Amino acid sequence: MRKKLLISTIFCLVIISSFAQDLKLSQYKMAPSFYNPATTGKIKGTFRSGSILSNQKTDSATLNHALAFADYKVEQENGSTGFGISYYQNFQREFCLTSNYLSASIAKHIFLDVDNHHMLSFGGQLTLATGTVNAARTTFSEKISGGGFEMSGLPISKTAGYKDLNLGLMYTYEDESITIEGGLAAYHVLSPVNNLNSKPTKIARRVCFTINSKILLDDQNEIELSSMMWKEGLSFTQNSPTLVENTYSASLERFVGETSAVYLGLSTRSLNSVTPSAGFSLYNNSIRVMASYEQPFNKFVYNVRRAELSMMLML
């Protein structure tokens with residue numbers, strides 16, 4: 001029975017489409033609850049917090065992104081429950097469309113076997129979003145905008161908001177030498193209305209499918225392989241996305257001493273950019289700091305540059 005449940009879960013993770021949040025980061029794994037509410041409280045300890053600063057540029061505009069989150073795990077029989085809160089905003093003096101998002105999430109994590117190797121997680125998130133258009137500002141780029149709001153047909157300044165419902169599902173297999181995760185997340189589930197437009201329109205759903213594996217090579221080295229499929233502009237009745245992106249990444253963690261480690265990583269976004277990253281952790285991964293820079297291969301095809309710095313604390 002357990003084998004059938006495992007096979008069914010993996011099969012669903014492979015074939016089902018899901019909906020994902022707007023914010024695009026190079027270091028998306030350092031902000032897990034922004035991409036899947038099911039990761040809330042999915043930690044080794046009892047508390048986790050983190051933040052990311054991202055400076056994103058095109059030839060025509062610059063926009064800063066800042067986010068912070070915290071989640072807490074309550075141990076329970078055969079699993080745990082996680083509770084979390086997060087805040088994200090984008091800002092820049094000349095960028096004409098800025099926004100902020102405050103979210104609260106909850107997730108349930110259930111072990112599927114007596115040895116605690118297989119886990120199924122599902123979670124939900126409520127978000128309050130506020131967007132502002134400032135007609136006096138002169139720059140804009142949809143490629144680095146935080147998403148969730150549009151500004152077509154807006155000759156004047158305006159502020160508006162909406163409430164959002166987000167859902168997530170994740171399967172995890174873990175033993176002493178390998179960890180495999182597959183995740184689905186659903187953002188803009190009820191298609192909230194964007195009231196910034198002169199004619200209010202429903203916000204299109206977003207799609208994200210993630211898979212992540214960690215393999216312990218020896219006592220000193222662990223390799224991590226990840227991918228994320230991102231689709232935008234879907235509906236329940238058709239699968240015709242307006243944008244598709246695929247991110248592939250690989251990183252090496254090398255343990256230094258008894259409680260520290262260093263990280264080196266490399267990723268690409270739809271083969272349009274390359275992102276080297278580096279970082280370190282202290283006190284058995286209680287503190288982790290990462291830095292990265294995303295550089296396009298050909299600016300005439302894709303021209304977004306992202307410089308990011310992140311930190312995570314786990315207790």
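All of these numbers come straight from a predicted model, not from anything done at the bench.
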Any donor-acceptor N/O pair, Lys108 side chain to Gly123 backbone, under 3.5 Å: no

With clusters defined by side-chain heavy atoms of hydrophobic residues (ILVMFWY) lying less than 4.5 Å apart, directly or transitively, does Met314 cluster with Met290? yes

Between the side chains of Ser80 and Glu75, is a donor N or O closer than 3.5 angstrom to an acceptor N or O? no

Strictly by modelled atom types, are Ser191 and Arg205 linked by a side-chain donor-acceptor pair under 3.5 Å? yes

Value rounded to 0.5 Å, distance of OG1 in Thr210 from CG in Leu184: 7.5 Å

How would you list all residue pairs meeting salt bridge (Lys or Arg N to Asp or Glu O under 4.0 Å) that involve residues 125-142, not counting sequence neighbours? none

Applying side chain to side chain contact (heavy atoms under 4.5 Å, CB included), run through Ile144 and Lys57 and close with a yes or a no. CA-CA 7 Å; Ile144 59 174; Lys57 295 182 178 181; 5.8 Å; no

Under the rule for salt bridge (charged side-chain N to carboxylate O under 4.0 Å, His left out), what residues qualify as partners of Lys42, not counting sequence neighbours? Glu181

Is the closest side-chain donor-acceptor distance between Ser99 and Asn90 under 3.5 Å? yes

Polar side-chain atom of Asp71 near backbone of Gly84 as donor-acceptor pair, under 3.5 Å: no

Can you tell if the side chain of Thr247 reaches within under 4.5 Å of the side chain of Thr268, non-hydrogen atoms only? no

Going by the rule ring-ring contact (aromatic ring centres under 6.0 Å, His included), which residues pair with Phe140 if we only count those two or more places apart in sequence or in a different chain? Phe95

If you measure only the distance, is there a donor-acceptor pair under 3.5 Å linking the side chains of Thr132 and Thr159? yes

In terms of heavy-atom contacts, does OH of Tyr283 have more than 12 from other residues, nucleotides or ligands at under 6.0 Å? no

Show the numbers, then the answer: is there a side chain to side chain donor-acceptor pair (under 3.5 Å) between Arg288 and Tyr263? CA-CA 10 Å; Arg288 179 184 290 193; Tyr263 301 88; 3.0 Å; yes

Under 3.5 Å, is there a donor-acceptor pair linking the side chains of Tyr101 and Ser103? no

Regarding Arg48 and Tyr72, is there a side-chain donor-to-acceptor distance under 3.5 Å anywhere? no

Asn166 versus Asn36: any side-chain heavy-atom pair under 4.5 Å? no

Determine whether the aromatic ring centres of residues Tyr162 and Phe149 are separated by less than 6.0 angstrom. yes

Point-to-point distance, once rounded to the nearest 0.5 Å, from NE2 of His109 to CG of Asn78: 13.0 Å

If you apply the rule side chain to side chain contact (heavy atoms under 4.5 Å, CB included), what do you find for Thr275 with Gln295, and how did you get there? CA-CA 6 Å; Thr275 306; Gln295 174 68 34; over 6 Å; no

Check whether Ile106 and Leu126 end up in the same hydrophobic cluster, where Ile, Leu, Val, Met, Phe, Trp and Tyr are linked by side-chain heavy atoms less than 4.5 Å apart. no

Could you tell me the separation between the CG atom of Asn55 and the CG atom of Asn64, rounded to the nearest 0.5 Å? 5.0 Å

Across all chains, not counting sequence neighbours, the side chain to side chain contact (heavy atoms under 4.5 Å, CB included) partners of Pro296 are Tyr302, Asn303, Arg305

Would Thr62 and Gln92 count as a side chain to side chain donor-acceptor pair (under 3.5 Å) here? Give the steps. CA-CA 7 Å; Thr62 298; Gln92 208 277 335; 5.5 Å; no

Between Ser33 and Thr40, does any side-chain donor sit less than 3.5 Å from a side-chain acceptor? no

Correct closest heavy-atom pair for Ser292 and Gln27 would be OG-NE2, 3.0 Å

Return the set of residues passing salt bridge (charged side-chain N to carboxylate O under 4.0 Å, His left out) with Glu94 (not counting sequence neighbours), or none when no residue passes. none

So does Pro32 get a backbone contact from the side chain of Thr39, meaning a donor-acceptor N/O pair under 3.5 Å? yes

Is there a side chain to side chain contact (heavy atoms under 4.5 Å, CB included) between Leu309 and Ile52? Walk through the geometry before answering. CA-CA 6 Å; Leu309 180 65; Ile52 298 180; over 6 Å; no

Check the pair Ser267, Tyr248 against side chain to side chain contact (heavy atoms under 4.5 Å, CB included), reporting the backbone distance first and the verdict last. CA-CA 5 Å; Ser267 65; Tyr248 306 98; over 6 Å; no

Qualifying residues under ring-ring contact (aromatic ring centres under 6.0 Å, His included), relative to Phe69, sequence neighbours excluded: none

Establish, from distance only, whether the side-chain atoms of Ser227 and Asn246 form a donor-acceptor pair under 3.5 Å. no

Do Gln125 and Tyr187 touch side chain to side chain, with heavy atoms closer than 4.5 Å? yes

Rounded to the nearest 0.5 Å, what separates atom CE in Met119 from atom OG1 in Thr172? 6.5 Å

Should Lys44 and Glu174 be marked as a salt bridge (charged side-chain N to carboxylate O under 4.0 Å, His left out) after you check the CA-CA gap, both sets of side-chain angles, and the distance that decides it? CA-CA 12 Å; Lys44 297 293 185 182; Glu174 183 175 12; 2.5 Å; yes

Do Ile110 and Phe122 come within less than 4.5 Å of each other through their side chains, counting heavy atoms only? yes

Taking side chain as C-beta onward, heavy atoms only, is Gln76 less than 4.5 Å from Thr81? yes

Hey, quick one: are Met312 and Leu282 part of the same hydrophobic cluster, counting side-chain heavy atoms closer than 4.5 Å, chains of contacts allowed? no

Mind checking whether Tyr173 and His118 have parallel, tilted or perpendicular rings, split at 30° and 60°? tilted

Looking only at the side chains, is there a donor atom on one of Ser26 and Glu294 sitting less than 3.5 Å from an acceptor on the other? yes

Mind listing the closest non-hydrogen atom pair of Ala38 and Leu169 along with its distance? CB-N, 3.8 Å

OG (Ser145) and CG (Leu97) are apart, to the nearest 0.5 Å, by 4.5 Å

If we ignore angles and hydrogens, is there a donor and acceptor under 3.5 Å between the side chains of Gln56 and Lys143? no

Polar contact flag, side-chain donor to acceptor under 3.5 angstrom, Ser270-Glu245: no

Validation row: Asn221, Phe255 side chains within 4.5 angstrom (heavy atoms): no

Working to the nearest 0.5 angstrom, can you tell me the gap between Leu225 CG and Ser249 OG? 8.0 Å

Would Leu252 and Val262 show up in the same hydrophobic cluster when neighbours are defined by side-chain heavy atoms closer than 4.5 Å? no

Quick one: are Asp164 and Ile203 in side-chain contact, heavy atoms under 4.5 Å? no

Heavy atoms, side chains only, cut-off 4.5 Å: are Asn100 and Phe91 in contact? no

Pair Asn212-Ser226, side-chain donor/acceptor within less than 3.5 Å: yes

Does CG belonging to Asn298 count more than 12 external heavy atoms closer than 6.0 Å? yes

Quick check: is Phe280 connected to Ile287 through a chain of hydrophobic side chains (ILVMFWY, heavy atoms under 4.5 Å apart)? yes

Salt bridge or not for Glu222 and Lys214, using N-O below 4.0 Å? no

